[in-house]
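Written out below as structure tokens is the structure these notes cover.
When a ligand or atom number is given, it counts from 1 through the structure's own listing order. What you are looking at is a predicted structure, and each value in this text was computed from that prediction instead of being measured.
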Amino acid sequence: MIWAPKMGLFSIPMLGFLLFCCLAVTAEATYLKYKDPKQPVGVRIKDLMNRMTLEEKIGQMVQIERSVATPDVMKKYFIGSVLSGGGSVPATKATPEIWVNMVNEIQKGALSTRLGIPMIYGIDAVHGHNNVYNATIFPHNVGLGVTRDPQLLKKIGDATALEVRATGIPYAFAPCIAVCRDPRWGRCYESYSEDHKIVQAMTEIIPGLQGNLPAKYKKGIPFVAGKNKIAACAKHYVGDGGTTNGINENNTVISLGGLLSIHMPAYYDSIRKGVATVMVSYSSWNGKKMHANHDLVTGFLKDKLKFRGFVISDWQGIDRITSPPHANYSYSVEAGISAGIDMVMVPYNYTEFIDDLTNQVKNKIIPMSRIDDAVRRILRVKFVMDLFENPMADLSLANQLGSKEHRELAREAVRKSLVLLKNGKSSNKPLLPLTKKTTKILVAGTHANNLGYQCGGWTITWQGQGGNDLTIGTTILKAIKNTVDPSTQVVYNENPDTDFVKSNKFSYAIVVVGEPPYAETFGDSMNLSISEPGPSNINSVCGAVKCVVVVISGRPVVIQPYLPTIDALVAAWLPGTEGQGVADVLFGDYGFTGKLARTWMKTVDQLPMNVGDPHYDPLFPFGFGLTTKPHQAEPKSH
Ligand SMILES: *[C@@H]1O[C@H](CO)[C@@H](O)[C@H](O)[C@H]1NC(C)=O
Ligand SMILES: *[C@@H]1O[C@H](CO)[C@@H](O)[C@H](O)[C@H]1NC(C)=O
Ligand SMILES: *[C@@H]1O[C@H](CO)[C@@H](O)[C@H](O)[C@H]1NC(C)=O
Ligand SMILES: *[C@@H]1O[C@H](CO)[C@@H](O)[C@H](O)[C@H]1NC(C)=O
Ligand SMILES: *[C@@H]1O[C@H](CO)[C@@H](O)[C@H](O)[C@H]1NC(C)=O
């Protein structure tokens, strides 16, 4: 009340001034600089970080699995990111609508926090949007390297971005830019080539996923061009493809010079192209776990290469710093965060991670500057990609999922990824291209009528699975039936005996065999053999009739023992859902053009053996691939 007498003295002007102050205070409360898209990203980051508590900052660094990401958890722990693990879906055969609703529910939890920082949802879209029913499944990278076609990779990136956005997701853990130096590695099919130059060229998928860098964009700054594009992730940093005997997650023994000249170059390209994130490798380099390698993660990637996006761990990657995993979790947290990891794919026990990290910051074991570096990077990616402006997904891109256009693109990729390794026994004329019009042909083998097998691992489920029901696509058998003349009888017998083959008068046979689906450690193989009854299929058919063998595999397999009986041999890798691309080339609508992006060994005893090695003695050398001319002029490609 001491103001009351004075009110009369100052009267109207003073009242106006007070009123002005009140309005200013109200406006101050609603105008938040970090929410203003007209402000520069740096200003927005600074403004937001000034408002954040330690709890809110640590929350940004946590990525949890969708199965534990309730809106309440998002809100209570200020969680910054959520992922789908391999095969983790909201429902079997979930539609885009189910996906979008799930992502939005989680996002609402994140947005209901005090500062309303949107979460970023990530998923392994490593050969198309592979966890999702009815998505276009592109060939795995081992096949794409064969194409030597960076523009094709860019288009695949464009298509994948649209399909991922169709389900409300803005972030993919791709591309894998591993340089696989030993095909015994279970992830070799995730690698474009044993030759780093091919891997480098294939990083053109990054501008496809994220969009073209604007002119004069500063190197190292992450770039994602808005709502139809997604953040990418170059992985796994670094040396993942160089482990001893190809053992997954094992030790890469190589000099610094070797590491920099073989395994590092594709990171230079990725960073130059504005890749938003980099994932650290489970593997070790000369005995030191990459998840704990400060020199390479902070010293090299961040300081020397000036990478300004965020570094993410692999799934329970920090747990595996110790052996056995999770043996000393607080040590793992300390070592991983100190090395420079910004976002940790926890993915379940977020309270344990948050408690450990919070204690370590409070006890000054981890400096606040390290937390600020991590959060600044995570927020930078979120601001750059307009996540604050567009946090909620909608169904506007739903019809992009598995669209005809994308399937045509995948079919083109399949055609270009095939490698013709043999075409006719020396005395005979070439068997390929096959004639479409004849009386009767045989299609045989474990992989001829199996959509799941031709897609491989990382398809619908983490490990992949056999069968024709797992998603929508065209099997090789179906593609053959689509392609031959209607008068040609196609006999399908998965596992025929020689008597059956001999007693029928087949013009020729197509035998499709290979590896069953696998992913990661489950795919490590010390024998690289074709699984039974594949070898029996080859022997019983090829001994009795002219045959082309199509191998479906994630890598070169041991084929030499069967080679003399085979008339024509095609490596089709893991082509994905568009099996029609295989028939397009077998029957000469298009020619074979693919060149091996890997060395094809005679025996596993020769491994590791890569192009340029001394004593290089392959069955088929790197770069090998016979060609055929199409029957007629090739249809115009669009
Ligand atoms: C590599 O594999 C061997 C054999 O399984 C194992 O004993 C060793 O601990 C592994 N090393 C690393 C760094 O994972
Ligand atoms: C975990 O690691 C830390 C840091 O090296 C060490 O001080 C602590 O004793 C370890 N705890 C256990 C249970 O081994
Ligand atoms: C999470 O970690 C804490 C601390 O180690 C442990 O007590 C708890 O049981 C864990 N929770 C789950 C769900 O694993
Ligand atoms: C698959 O996607 C296409 C293209 O969006 C759509 O037309 C079709 O109905 C979908 N099929 C199924 C079984 O969901
Ligand atoms: C080859 O190795 C795989 C995986 O290690 C194994 O399952 C399979 O039985 C082996 N095959 C042969 C013929 O030894």
Side-chain angles (χ1 to χ4, degrees), residues 62 64-65 67-70 73 77 89 91-100 128-129 132-137 159-160 162-167 182 184-187 236 239-240 242-254 280-293 314 316-333 335 344 346-360 395-410 451 460 468-474 520-522 524-526 577-578:
V62 183
I64 63 175
E65 218 286 323
S67 53
V68 296
T70 62
V73 167
Y77 296 96
V89 298
T92 309
K93 302 192 177 182
T95 59
E97 192 174 3
I98 293 174
W99 278 97
V100 165
H129 197 8
V132 175
Y133 180 72
N134 199 18
T136 308
I137 304 297
T160 302
L162 289 170
E163 296 208 12
V164 171
R165 282 287 192 178
T167 57
D182 192 324
R184 290 174 292 186
W185 186 33
R187 305 192 81 155
H236 310 80
D240 50 350
T243 57
T244 305
N245 295 338
I247 298 172
N248 190 38
E249 306 181 11
N250 209 257
N251 192 17
T252 296
V253 180
I254 197 169
V280 182
S281 179
Y282 286 127
S283 58
S284 301
W285 176 48
N286 294 338
K288 175 136 186 100
K289 294 274 183 185
M290 279 307 306
H291 278 256
N293 195 320
D314 208 327
Q316 293 175 336
I318 64 164
D319 304 51
R320 298 182 205 185
I321 288 172
T322 59
S323 179
H326 208 272
N328 185 342
Y329 193 64
S330 57
Y331 170 72
S332 289
V333 171
V344 175
V346 173
Y348 299 116
N349 201 339
Y350 46 84
T351 54
E352 185 184 25
F353 174 78
I354 290 168
D355 289 348
D356 279 342
L357 185 54
T358 305
N359 284 334
Q360 288 170 18
L395 283 169
S396 56
L397 293 173
N399 62 358
Q400 296 288 335
L401 191 79
S403 73
K404 185 152 187 346
E405 203 184 350
H406 296 168
R407 290 183 186 277
E408 279 302 316
L409 178 66
L451 189 64
I460 305 300
N468 287 342
D469 183 45
L470 84 166
T471 191
I472 308 280
T474 307
E520 302 193 42
T521 303
F522 293 96
D524 284 358
S525 168
M526 292 302 130
T577 49
E578 303 318 300

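If you take CG on D314 and CG on D319, they are separated by 11.0 Å, rounding to the nearest 0.5 Å. A distance of 11.5 Å separates NE2 in H129 from CG in N134, rounded to the nearest 0.5 Å.
The two residues Y331 and T322 have their closest heavy-atom pair at CD2-CG2, 3.8 Å. Smallest separation of non-hydrogen atoms from V344 and I318: CG1-CD1, 3.9 Å.
In terms of N/O distances under 3.5 Å, ligand 3 is not approached by T351. Note: no N/O pair closer than 3.5 Å links K289 and ligand 1 by distance alone.
Ring orientation note: the planes of F353 and Y329 are nearly perpendicular, at an angle over 60° on the 30°/60° scale.
At a cut-off of 3.5 Å, with distance as the only test, no side-chain donor of N245 or T243 sits close to an acceptor on the other residue. No hydrogens or angles considered: nothing links the side chains of E97 and T95 as a donor-acceptor pair under 3.5 Å. A donor-acceptor contact under 3.5 angstrom links the side chains of H326 and E352, judged on distance only.
Those atoms of ligand 1 that come under 4.0 Å of a heavy atom in S284, given as number and element, are 13 (C). Counting atoms of ligand 3 from 1 in the listed order, those under 4.0 Å from a heavy atom of N349 are 1 (C), 2 (O), 3 (C), 8 (C), 10 (C), 11 (N), 12 (C), 14 (O). Heavy-atom proximity to E249, at under 4.0 Å, picks out these atoms of ligand 1: 14 (O).
Protein residues with a heavy atom under 4.0 Å from ligand 4 are N134, N399, L401, G402, I472.
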